[in-house]
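Residue numbers begin at 1 in each chain, while the letters A, B, ... track the order of the sequences.
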Protein chains: 2
Amino acid sequence: MTTEVSTTRSSTKAERVRQAVLADIVSGALPAGAPLDEVVLAGQHAVSRTPVREALRRLQSDGLLEPGPRRQLLVVDVSPARRREVTTLRVALEGAAAVHACTTRDDDDLDRLELLVLKQRRAADAGDAETFLRLDEEFHLALAGAARMPTLSRMLAQLGAFVRLGRLGEVTTATHLRGLVREHEELLALLRSRAADDLRARLATHIEQTAPRT
Amino acid sequence: MTTEVSTTRSSTKAERVRQAVLADIVSGALPAGAPLDEVVLAGQHAVSRTPVREALRRLQSDGLLEPGPRRQLLVVDVSPARRREVTTLRVALEGAAAVHACTTRDDDDLDRLELLVLKQRRAADAGDAETFLRLDEEFHLALAGAARMPTLSRMLAQLGAFVRLGRLGEVTTATHLRGLVREHEELLALLRSRAADDLRARLATHIEQTAPRT
DNA sequence: AGTCAGTCGAATGTATACAAGTGTTCGTCA
DNA sequence: TGACGAACACTTGTATACATTCGACTGACT
């Protein structure tokens with residue numbers, strides 16, 4: 001039994017709506033500043049206001065929606081400053097996780113990460129940026145997961161939406177992707193040898209280089 | 001206009017219920033593992049299930065409630081390991097904020113912090129631990145706030161509940177409190193002189209010493 | 001003509017009624 | 001007597017109807 005975190009069975013309508021709206025936000029279909037109307041969304045998804053409401057409240061508490069004028073919920077604007085903040089937070093959180101993971105990590109953790117890197121290489125060779133980005137996020141979450149710090153993992157998962165948002169119009173060549181795979185391999189090697197400080201340093205530069213330049 | 005973050009006007013019933021349940025959790029009235037029933041809470045607070053439901057979902061997404069057997073929501077158990085995790089996270093997040101704050105801080109920030117330290121001294125001299133702990137949390141949030149990193153501030157605010165939970169049965173003498181005030185004064189001085197690295201180091205030891213020993 | 005007040009409207013906040021799923025218990029059959 | 005199954009009760013998920021609040025528009029008065 002692996003993580004199965006992202007394969008969340010959306011047994012509940014509220015959760016399905018949340019996933020759908022989230023997807024629309026990170027895909028750019030709902031741009032920054034777009035107002036979200038409960039009744040409109042309810043109509044679009046053929047459900048009542050109740051599950052829509054629940055979905056919106058959760059997205060709000062994740063920081064993706066903010067209250068605006070006229071009592072509306074607006075899609076948050078991810079400014080360059082905010083992107084830098086997210087990068088800083090990732091460095092701080094993933095760095096702390098990486099250090100801890102060097103003492104708590106498990107052979108299963110290594111196996112999982114190895115598998116992810118393998119899939120990443122395939123996606124990179126195929127030039128499939130979308131798949132690669134999903135695997136990249138999984139890799140970073142799995143790396144943090146090896147630290148057995150559930151609160152930290154939850155915070156990183158929250159940041160994930162902002163990371164995806166920041167990467168919206170990013171252009172990524174196959175060569176570039178292969179370079180990232182290589183870095184992941186190196187990070188994995190450092191985790192395997194429990195080189196905590198080296199891992200943290202390397203992870204920091206990796207995250208900062210991955211982040212959009214601006 | 002200052003922060004007014006904590007003085008959240010509870011204009012909505014859902015928010016009032018949330019505050020009440022949160023207070024019951026951090027006060028120990030609702031111990032770890034206690035199941036929360038929507039209809040019972042609705043009765044206790046003389047509201048319908050709808051706002052109760054909303055309050056519970058928010059507390060859940062803050063990590064204070066977890067789904068348990070029988071489809072129930074249970075108050076999360078704060079184990080020693082989790083307390084250590086929270087401390088690690090505070091060091092990572094507040095440390096990053098402190099470094100950043102050394103370049104973004106404002107004279108108003110210093111004034112706010114100064115005022116908080118002043119009030120802390122009064123509370124410490126009076127041996128009023130409860131007031132002091134509230135001011136302590138405000139101080140740390142204000143310090144992080146000087147970094148102008150809203151996402152980080154929100155994450156720290158979430159952690160606040162765990163910090164308060166971890167401090168539940170803590171005994172604090174007036175002498176101990178005065179020592180903490182002294183440390184806050186020193187942190188403030190380092191922020192004032194923009195000594196980023198020193199501030200981060202000092203803040204780390206401060207947080208680790210504040211945390212329960214276990 | 002500008003400003004203030006009152007009313008109207010559209011959104012969210014709340015209550016309640018209904019549906020659906022799950023655990024439990026009781027009964028029956030092997 | 002034990003195990004399997006079906007019915008029931010309790011809880012949460014959803015829908016809808018009602019209340020409330022805040023903003024905007026319009027009207028009159030200064």
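The side-chain hydrogen bond (donor to acceptor under 3.5 Å, both in side chains) contacts involving residues 61-80 of chain A comprise A:Ser61-B:Ser61, where partners must be two or more places apart or lie in separate chains.
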Listed pairs under 3.5 Å, donor-acceptor, residues 28-38 of chain A side chains, sequence neighbours left out:
residue: A:Asp37; atom: OD1; partner: A:Val39; partner atom: N; Å: 3.4
residue: A:Glu38; atom: OE1; partner: A:Arg49; partner atom: NE; Å: 3.0
residue: A:Glu38; atom: OE1; partner: A:Arg49; partner atom: NH2; Å: 3.1
residue: A:Glu38; atom: OE2; partner: A:Arg53; partner atom: NH1; Å: 2.9

Please list, one pair per line, the donor and acceptor atoms closer than 3.5 Å that link side chains of residues 123-133 of chain A to other protein atoms, with sequence neighbours excluded.
residue: A:Asp125; atom: OD1; partner: A:Arg178; partner atom: NH1; Å: 2.9
residue: A:Asp128; atom: OD1; partner: A:Glu130; partner atom: N; Å: 3.4
residue: A:Asp128; atom: OD1; partner: A:Thr131; partner atom: N; Å: 3.1
residue: A:Asp128; atom: OD1; partner: A:Thr131; partner atom: OG1; Å: 3.3
residue: A:Asp128; atom: OD2; partner: A:Thr131; partner atom: OG1; Å: 2.6

Pairs: protein N or O with nucleotides 16-23 of chain C N or O, under 3.5 Å:
residue: C:dT16; atom: O4; partner: B:Thr50; partner atom: OG1; Å: 3.4

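Between B:Lys13 and C:dA15, a side-chain N or O to OP1/OP2 separation shorter than 4.0 Å is present. Checking the phosphate oxygens (OP1, OP2) of D:dT21, no side-chain nitrogen or oxygen of B:Ser11 falls inside 4.0 Å. Contact check, A:Arg16 against D:dT14: no side-chain N or O comes under 4.0 Å of OP1 or OP2.
A search for side chain to side chain contact (heavy atoms under 4.5 Å, CB included) contacts involving A:Glu137 returns A:Leu141, A:Arg164, not counting sequence neighbours. For B:Arg122, the salt bridge (Lys or Arg N to Asp or Glu O under 4.0 Å) test picks out no residue, with sequence neighbours left out. Listed by chain and residue number, B:Val21, B:His45, B:Val47, B:Val52, B:Ala55 satisfy the side chain to side chain contact (heavy atoms under 4.5 Å, CB included) test with B:Val17 (two or more places apart in sequence, or in another chain). A:His100 meets the ring-ring contact (aromatic ring centres under 6.0 Å, His included) test with no other residue; sequence neighbours excluded. Taking the salt bridge (Lys or Arg N to Asp or Glu O under 4.0 Å) definition, one finds that B:Arg154 meets it with nothing, sequence neighbours left out. Considering only residues two or more places apart in sequence or on other chains, A:Phe162 meets the ring-ring contact (aromatic ring centres under 6.0 Å, His included) condition with none of them.
Counting only N and O atoms by type, the side chains of A:Arg82 and B:Thr151 include a donor and acceptor under 3.5 Å apart.
Within residues 32-41 of chain B, the residues having any heavy atom under 4.0 Å from DNA chain D are, by residue number, B:Leu36, B:Asp37, B:Glu38.
Across the helix from C:dA1-D:dT30 to C:dA30-D:dT1, the helix axis at one end is tilted relative to the axis at the other end by 0° (nearest 10 degrees, each axis from five pairs).
Protein atom CD of A:Gln72 is 14 Å distant from nucleotide atom P of C:dA10, rounded to whole Å.
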